[in-house]
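Everything numeric here is computed off the predicted structure, so don't read it as measured data. Side chains are part of it too, since the values below use all heavy atoms of this structure and drop only hydrogens, waters and symmetry mates.
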Amino acid sequence: MKKAVIVTPFDNYSYNVRIKFVEEYLQKIGYNVKILSSDFDHRNKEKYQNNRKGLELLKVPEYRRNLSLSRIQSHRIFARKSVKRALQLQPDLLYVSGPPNFLFKYFATNKSSFKGTKLIFELGDMWPETMPINGKKKTLFKFPMKIWASLRDKYIAKADFTIFECDLFKELVNTNIKEIKGGTIYLCKDGTTMELPKEQISNECIELVYVGSINNIIDVDLIVEISKKIAVKKKTIVHIIGDGEQRQDLISELSGKNIEVNYHGIVYDEVEKSKIYSRCSFAFNIMKETVCVGLTMKSIDYFEAGLPLINNISGDTHDLVVNNRCGYNVDRKNLDTVVEKICAVSMDEVRNMKKASRDMYDKYFSKTAFEKQFEEMISKL
């Protein structure tokens, strides 16, 4: 039986986003699959254990701060240990998901030591470009950040195929794009349990929803400004599902004349979320302009739920909204125009946008769509 090794430092949450589907598909076409990951939960900053079959956790140093030498050292050690273990296994196929950018460097420079192994890189994020760092710090860290990015840009074309999470990332990689054999395969979800909610929208009131982490990369001010401008023209209800350090700021700033805020906390139950979604005409997909991202899992969650977007994310998401007519792209220059459209939209138009949003999920972000694209990629190796 053919062997495949998947390398990801983020098993605790990326497994259910992409790696799960990569593993399942490779097993389906005859591979014995092993996943190499780290024994440190990078999100919660604590040791991570999981006895799932086929998973091997590599011991790495812990760290506390995202911008720290200890974090860099932890990622570097994980990359070196991953290469060492993968060389022992000598798989037929290597699927390496980064960042950290050290993974691209170490696997590319050791590629010749693997015997007949096909190497696939997955670029799931842009480090350091997506790090929420303000202007002064960016200036201060300009040189080390350039070195950090070069770990990716110098080596990503060495793979037999490179998968980009979105087209924006492919455009931003600072290398000769003609050298890269690869393409975009969007993140996906298995949406078998999520049905398109039955609409309970009304002409009398417009209901909006924000779902996810309420943290320092979310543009709370823009969400508030949009909501308050809509509320001048029509009674507005804003539903919030999630939590984070900016939660109380968002709630307190939204609360005001003609706005009702319903804070639901963290909701895992899909049925309960569907009940909330069924009342909403639009979902906020708003991040700070300094964040370098073309597509988020939040966007895909909204598409799966059949929710049209009020969106300010550029690149792929902007184009998907325009091309599929499933919401409105907004910035501070066109804010008043977008608010006018939202307040004037008919219920039939909202229903059409809801259907377009869900149809787009099925076309680009479902498990079926992923497997079709992944099969095409495998056939090119």
Side-chain angles (χ1 to χ4, degrees), residues 132 199 201-264 276-291 293-296 298-299 301-303 305-315 317-322 324-347 349-354 356-357:
E199 297 91 351
I201 51 180
S202 168
N203 263 319
E204 307 304 316
C205 171
I206 187 159
E207 300 195 38
L208 311 168
V209 64
Y210 174 84
V211 183
S213 297
I214 311 167
N215 53 28
N216 64 339
I217 64 173
I218 303 305
D219 194 335
V220 169
D221 293 341
L222 185 56
I223 292 173
V224 170
E225 191 173 356
I226 294 168
S227 302
K228 287 188 172 180
K229 284 180 177 289
I230 293 172
V232 170
K233 300 175 180 294
K234 187 176 286 191
K235 178 171 173 54
T236 304
I237 299 174
V238 179
H239 299 272
I240 301 172
I241 302 173
D243 203 356
E245 63 267 23
Q246 301 280 338
R247 183 244 297 174
Q248 196 52 54
D249 290 340
L250 177 60
I251 293 173
S252 61
E253 290 183 37
L254 278 172
S255 301
K257 187 177 179 181
N258 221 25
I259 296 182
E260 176 186 328
V261 181
N262 289 340
Y263 177 61
H264 302 274
I276 301 167
Y277 295 157
S278 68
R279 299 171 54 184
C280 299
S281 296
F282 297 95
F284 284 114
N285 200 45
I286 303 291
M287 301 180 80
K288 291 179 179 176
E289 292 181 359
T290 52
V291 179
V293 64
L295 184 72
T296 66
K298 185 202 305 291
S299 309
D301 289 341
Y302 288 152
F303 297 146
L307 287 166
L309 303 188
I310 300 174
N311 172 70
N312 78 332
I313 294 176
S314 60
T317 308
H318 175 280
D319 295 344
L320 287 166
V321 168
V322 170
N324 295 275
R325 298 182 180 180
C326 58
Y328 299 109
N329 290 311
V330 66
D331 55 42
R332 285 186 166 81
K333 294 179 182 178
N334 73 349
L335 181 55
D336 291 334
T337 301
V338 170
V339 167
E340 288 286 345
K341 290 179 179 179
I342 291 170
C343 292
V345 71
S346 71
M347 296 301 97
E349 288 173 315
V350 172
R351 291 186 182 101
N352 287 338
M353 283 191 278
K354 280 176 170 280
S357 185

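- What you find for Leu335 and Val330 is that their closest heavy atoms are CD1-CG2, 3.8 Å.
- In Glu289, the CD atom is not crowded: 12 or fewer heavy atoms of neighbouring residues, nucleotides or ligands sit closer than 6.0 Å.
- Heavy atoms only, all atoms of each residue included: Lys354 and Leu307 are closest at NZ-CD2, 3.9 Å.
- Separating the CG atom in Leu309 from the CG atom in Asn285 is a distance of 5.0 Å, to the nearest 0.5 Å.
- Atom CZ of Phe284 and atom CG of Leu222 lie 8.0 Å apart (nearest 0.5 Å).
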Would Ile342 and Tyr328 count as a side-chain contact (heavy atoms from CB on, under 4.5 Å) here? Give the steps.
CA-CA 8 Å; Ile342 291 170; Tyr328 299 109; 3.7 Å; yes

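- Here the side chains of Glu225 and Asp221 are not in contact, with every heavy-atom distance at 4.5 Å or above.
- For the atom pair CG of Asp319 and CD1 of Ile313, the computed distance is 12.5 Å after rounding to the nearest 0.5 Å.
- Leu208 places a side-chain heavy atom less than 4.5 Å from the side chain of Ile310.
- Looking at Asp219, Ile217, Thr317, Asn215 one by one, the single match for side-chain contact (heavy atoms from CB on, under 4.5 Å) with Met287 turns out to be Ile217.
- Residues Ile241 and Tyr210 are not in side-chain contact: their nearest non-hydrogen atoms beyond the backbone lie 4.5 Å or more apart.
- In this structure, Lys233 and Asn258 have side chains that are not in contact, with every pair of non-hydrogen atoms separated by 4.5 Å or more.
- Using a 4.5 Å heavy-atom cutoff, the side chains of Lys288 and Ile218 are not in contact.
- Counting non-hydrogen atoms of neighbouring residues, nucleotides and ligands closer than 6.0 angstrom, the CZ atom of Arg332 exceeds 12 such neighbours.
- In summary, the side chains of Glu349 and Ser346 do present a donor paired with an acceptor at a separation below 3.5 Å, with no hydrogens or angles considered.
- Taking the centre of each ring, Tyr277 and Tyr302 stay at or above the 6.0 Å mark.
- The OG atom of Ser227 sits 5.0 Å away from atom CG of Leu254, with the distance rounded to the nearest 0.5 Å.
- Atom CD of Glu340 and atom CG of Asn334 lie 12.0 Å apart (nearest 0.5 Å).
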Evaluate the side-chain contact (heavy atoms from CB on, under 4.5 Å) criterion for residues Asn312 and Asp331: first the C-alpha distance (whole Å), next the side-chain angles of each, then the deciding distance (0.1 Å), finally the verdict.
CA-CA 6 Å; Asn312 78 332; Asp331 55 42; 5.8 Å; no

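- With salt bridges taken as basic N to acidic carboxylate O contacts below 4.0 Å, none links Glu204 and Lys234.
- Side-chain atoms of Asn311 and Asn329 form a donor-acceptor pair, as typed in the model, at a separation below 3.5 Å.
- Residues Leu250 and Tyr263 are not in side-chain contact: their nearest non-hydrogen atoms beyond the backbone lie 4.5 Å or more apart.
- Closest approach of Met353 and Gly327 over heavy atoms only: SD-N, 3.5 Å.
- Side-chain contact, Ser299 with Thr296: a donor N or O sits under 3.5 Å from an acceptor N or O.
- Taking 4.5 Å as the limit, some side-chain heavy atom of Val211 sits within range of a side-chain heavy atom of Val209.
- The existence of a salt bridge linking Lys228 and Glu253 is excluded, since no basic side-chain nitrogen approaches an acidic carboxylate oxygen closer than 4.0 Å.
- At least one side-chain heavy atom of Cys205 sits less than 4.5 Å from a side-chain heavy atom of Glu207.
- Atom-to-atom distance recorded for Ile230:CD1 and Thr236:OG1 is 5.5 Å, nearest 0.5 angstrom.
- Ring pair His264/His239 is parallel by interplanar angle, where below 30° counts as parallel and above 60° as perpendicular.
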Residues Lys235, Ile206; criterion side-chain contact (heavy atoms from CB on, under 4.5 Å); working and verdict:
CA-CA 6 Å; Lys235 178 171 173 54; Ile206 187 159; over 6 Å; no

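- The minimum heavy-atom distance between Gln246 and Val220, with the atom names listed, is CB-CG2, 4.1 Å.
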